[in-house]
Every structure is written in C-alpha cells, then in structure tokens.
Number of protein chains: 2
Amino acid sequence: MSTATANPADGTCTAPAADTCCVPSPGEAILNAEEAELLALRFKALSDPNRLRILSIVSSSESAETCVCDLSEPLGLKQPTVSHHLKILVDAGILHREKRGVWAYFSVVPGALESLGASLAPKP
Amino acid sequence: MSTATANPADGTCTAPAADTCCVPSPGEAILNAEEAELLALRFKALSDPNRLRILSIVSSSESAETCVCDLSEPLGLKQPTVSHHLKILVDAGILHREKRGVWAYFSVVPGALESLGASLAPKP
DNA sequence: TCAAAACATCGATAATCGTCGATGTCTATT
DNA sequence: AATAGACATCGACGATTATCGATGTTTTGA
C-alpha cells in the first residue's frame with residue numbers, strides 16, 4: 001500500500017517505483033471531512049476584515065460588551081450589514097448575544113478564540 | 001465624546017443619554033482596516049475544508065513533505081483544484097513549495113500556524 | 001530529439017458572500 | 001393604544017470563490 005499509482009481515476013501518477021513519490025501518508029491521522037467542515041466554518045467567520053474589526057472593538061471595549069450602534073459608525077457599514085456579520089460570529093460560537101431592553105449587547109465567548117488558536121498547534 | 005448620537009448618517013441611535021448605550025469604545029486600540037485586511041487574508045486560507053485537510057495531510061506526512069499526487073486521491077479533487085488550493089496556502093505564507101525534478105513538494109512553513117494562532121490570544 | 005508525466009495556468013460555470021434598502025418584530029415611552 | 005427607536009430578517013445585486021476540462025510548461029527517460 002505504499003507504492004505508486006495514487007490516482008487511477010486519472011490514469012496519471014503511476015510513479016516509476018524507483019524514485020520516492022506518492023507515499024500516501026500515515027493514513028489514519030488525517031482530518032476527516034466533517035471535522036474539516038466544522039473547523040472551516042469557524043475560520044470562515046474570521047476571514048472577513050470587518051468581522052475581525054468587530055471582534056477587536058468588542059473585545060477591547062471597557063465593559064467587554066458592545067451594542068450594534070457602536071459598530072456601525074467606526075466600520076462605515078450600515079446596520080443590516082453589521083447585524084449580518086454579528087450573526088455569523090454568533091453562529092460560529094465566537095460572540096455571545098444578550099438582549100437587554102431595546103439593545104443587544106455582544107461579548108466574546110470566553111476561550112472561544114483561544115481554542116480555535118489551539119487547533120493550529122503542532123500536535124495535539 | 002462619550003454621549004450618544006453614534007450614527008448621524010442614519011439619523012438613528014440618538015440614545016436618550018440617561019441609559020448607557022453607544023459608548024464608542026477606547027478609541028485607539030482598534031484594529032485598522034489594512035491590518036484587518038491582511039489578517040483576514042490568512043484566515044481566508046484556512047476557511048475551506050479541503051485546504052484544512054491538505055494542511056492536515058502535509059503536516060502529518062512522515063517526511064513532512066507531500067507532492068500533489070498524494071493529495072488528489074484522498075480529497076476526491078482533481079489535480080487543477082488541488083493546485084489551486086495549494087497556491088492559496090503558499091500565497092498566505094502557510095505552505096512552502098519546493099520543486100524537485102518533476103515533482104513539487106510542500107511543507108508547512110515553521111511557525112506560520114503558531115503565529116496565526118497567537119493573533120487570537122487575549123492581549124498582545 | 002521525442003514522448004510521457006507532473007504540475008501550473010487559463011477559461012468557464014455554478015455557488016457562495018458582502019452590502020444595503022425595505023420591511024418586520026419587539027420594547028419602552030408617552 | 002400609539003409612537004419611536006434598536007435590531008433582525010428579507011430580497012436583490014455585484015463580487016468573489018470552488019471546481020474542473022483544456023492547455024501550456026518543464027523535466028526525466030528512451
């Protein structure tokens with residue numbers, strides 16, 4: 001199971017067996033599709049400049065809480081757009097939403113960013 | 001500069017000044033647009049399930065090096081697609097490409113993922 | 001010199017995403 | 001009850017993205 005013909009569907013990559021290419025890696029330790037999908041969803045939440053700035057503002061706020069109207073102006077985005085980004089961050093488990101009266105306050109979920117960062121570590 | 005009328009462009013959010021909303025945060029420590037754009041670009045490289053699996057395969061490879069033909073089969077993707085994903089990861093500074101003969105070998109840039117993960121830490 | 005193989009690049013297509021105006025929902029105030 | 005304001009949701013539009021077939025480039029082996 002270690003020699004050549006890695007992609008029979010293409011008929012290509014039938015390595016000359018002499019040189020060492022196409023050693024299909026350990027086999028088991030590979031991130032499976034479902035896990036990858038879940039992880040990608042969380043990174044996708046961080047893949048937009050405005051969402052990163054939202055996180056920066058929320059986490060650096062004195063009260064560690066921010067309402068939507070605090071974000072619209074410094075980002076130069078309209079309210080529906082800000083709400084949309086906030087929803088993505090909440091769905092990703094990164095932000096926490098708490099409705100108090102008319103306002104909605106957002107805060108960073110404790111440990112959320114750290115655990116995401118930890119998934120980039122060399123070896124678990 | 002701490003009271004109300006956060007979004008004059010909309011005419012909205014003229015807070016009643018009695019309750020505490022719309023305190024526009026510290027002011028200086030906010031991630032600026034250029035930095036956010038750059039960070040987002042790197043996270044965007046991690047925001048695709050197949051790219052995460054590519055990283056998983058490359059980093060768990062025995063020789064810490066992988067060629068394209070090793071990736072096409074386990075991911076179920078055609079060669080041009082794999083090449084496309086690899087280019088994105090290389091451009092983001094996460095993977096290193098080395099051409100040896102006919103094959104191209106990829107390896108994780110040392111410290112690249114760690115430094116990205118560190119940008120998610122509580123306080124710099 | 002020629003053929004074959006690995007990989008990159010191009011062009012096209014379907015899907016997803018960011019943005020915003022319009023509208024709906026809910027709450028507090030009058 | 002009615003109004004006003006904060007926020008969420010909807011629908012639309014332009015831009016970006018993932019995927020793949022076709023093709024180009026480069027290197028090895030005959």
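Throughout, a chain's letter reflects where its sequence line sits, starting with A, and its residues are numbered from 1. Worth saying up front: this structure is predicted, and the values here are computed from it rather than measured.
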- Task: Quick one: pull up CG in Leu89(B) and NE2 in His84(B) and give me the separation to the nearest 0.5 Å.
- Result: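 Separation between the atoms: 10.0 Å.
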- Task: Could you tell me whether the phosphate oxygens of dA6(C), OP1 or OP2, come under 4.0 Å of any side-chain nitrogen or oxygen in Arg100(B)?
- Result: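 The answer is no; no side-chain N or O of Arg100(B) sits under 4.0 Å from OP1 or OP2.
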- Item | Intermediate values then yes/no, side chain to side chain contact (heavy atoms under 4.5 Å, CB included), Ile94(B) and Leu46(B) | CA-CA 9 Å; Ile94(B) 296 175; Leu46(B) 301 178; 3.9 Å; yes
Expressed as a whole number of angstroms, how long is the span from [X]:[atom1] to [N]:[atom2]?
X: Asp91(B); N: dT17(D); atom1: CG; atom2: P; value: 12 Å
X: Leu86(A); N: dA6(D); atom1: CG; atom2: P; value: 16 Å
X: Asp70(B); N: dA6(C); atom1: CG; atom2: C1'; value: 12 Å
X: Phe43(A); N: dT16(C); atom1: CZ; atom2: P; value: 22 Å
X: Leu71(A); N: dA6(D); atom1: CG; atom2: P; value: 14 Å
X: Lys87(A); N: dT16(C); atom1: NZ; atom2: P; value: 16 Å
X: Arg97(A); N: dA6(D); atom1: CZ; atom2: P; value: 16 Å

- Item | Closest non-hydrogen atom pair, Ser119(A) against Leu39(A) |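 Of all heavy-atom pairs spanning Ser119(A) and Leu39(A), the closest is OG-CD2, 3.8 Å.
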- Which heavy-atom pair separates Ser115(A) from Arg42(A) by the least distance, and what is that distance?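 Where Ser115(A) meets Arg42(A) most closely, the heavy atoms are OG-NH2, 3.2 Å.
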- Given side chain to side chain contact (heavy atoms under 4.5 Å, CB included), test Ile57(A) with Asp70(A) step by step and report yes or no. CA-CA 9 Å; Ile57(A) 293 177; Asp70(A) 284 336; 5.5 Å; no
Using nucleotides 18-22 of chain D, report all nitrogen or oxygen pairs with the protein that are shorter than 3.5 Å.
unit_1: dA18(D); atom_1: OP1; unit_2: Arg51(B); atom_2: NH1; d: 3.3
unit_1: dA18(D); atom_1: OP1; unit_2: Arg51(B); atom_2: NH2; d: 2.8
unit_1: dT19(D); atom_1: OP1; unit_2: Asn50(B); atom_2: ND2; d: 2.8
unit_1: dT19(D); atom_1: OP2; unit_2: His85(B); atom_2: NE2; d: 2.3
unit_1: dC20(D); atom_1: OP2; unit_2: Lys78(B); atom_2: N; d: 3.2
unit_1: dC20(D); atom_1: OP2; unit_2: Thr81(B); atom_2: OG1; d: 3.1

- Which is it for Asp91(A) and Lys87(A) under the side chain to side chain contact (heavy atoms under 4.5 Å, CB included) test, yes or no, and what are the steps along the way? CA-CA 6 Å; Asp91(A) 288 349; Lys87(A) 176 173 172 51; 3.3 Å; yes
- Query: Among the nucleotides dC7(C), dA8(D), dA8(C), which one has an atom lying closest to any side-chain atom of Ser83(A)?
  - Reply: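 In terms of side-chain proximity for Ser83(A), the closest of dC7(C), dA8(D), dA8(C) is dA8(D).
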- State which of dA6(C), dC7(D), dA8(C) makes the closest approach to the side chain of Val68(A).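 In terms of side-chain proximity for Val68(A), the closest of dA6(C), dC7(D), dA8(C) is dC7(D).
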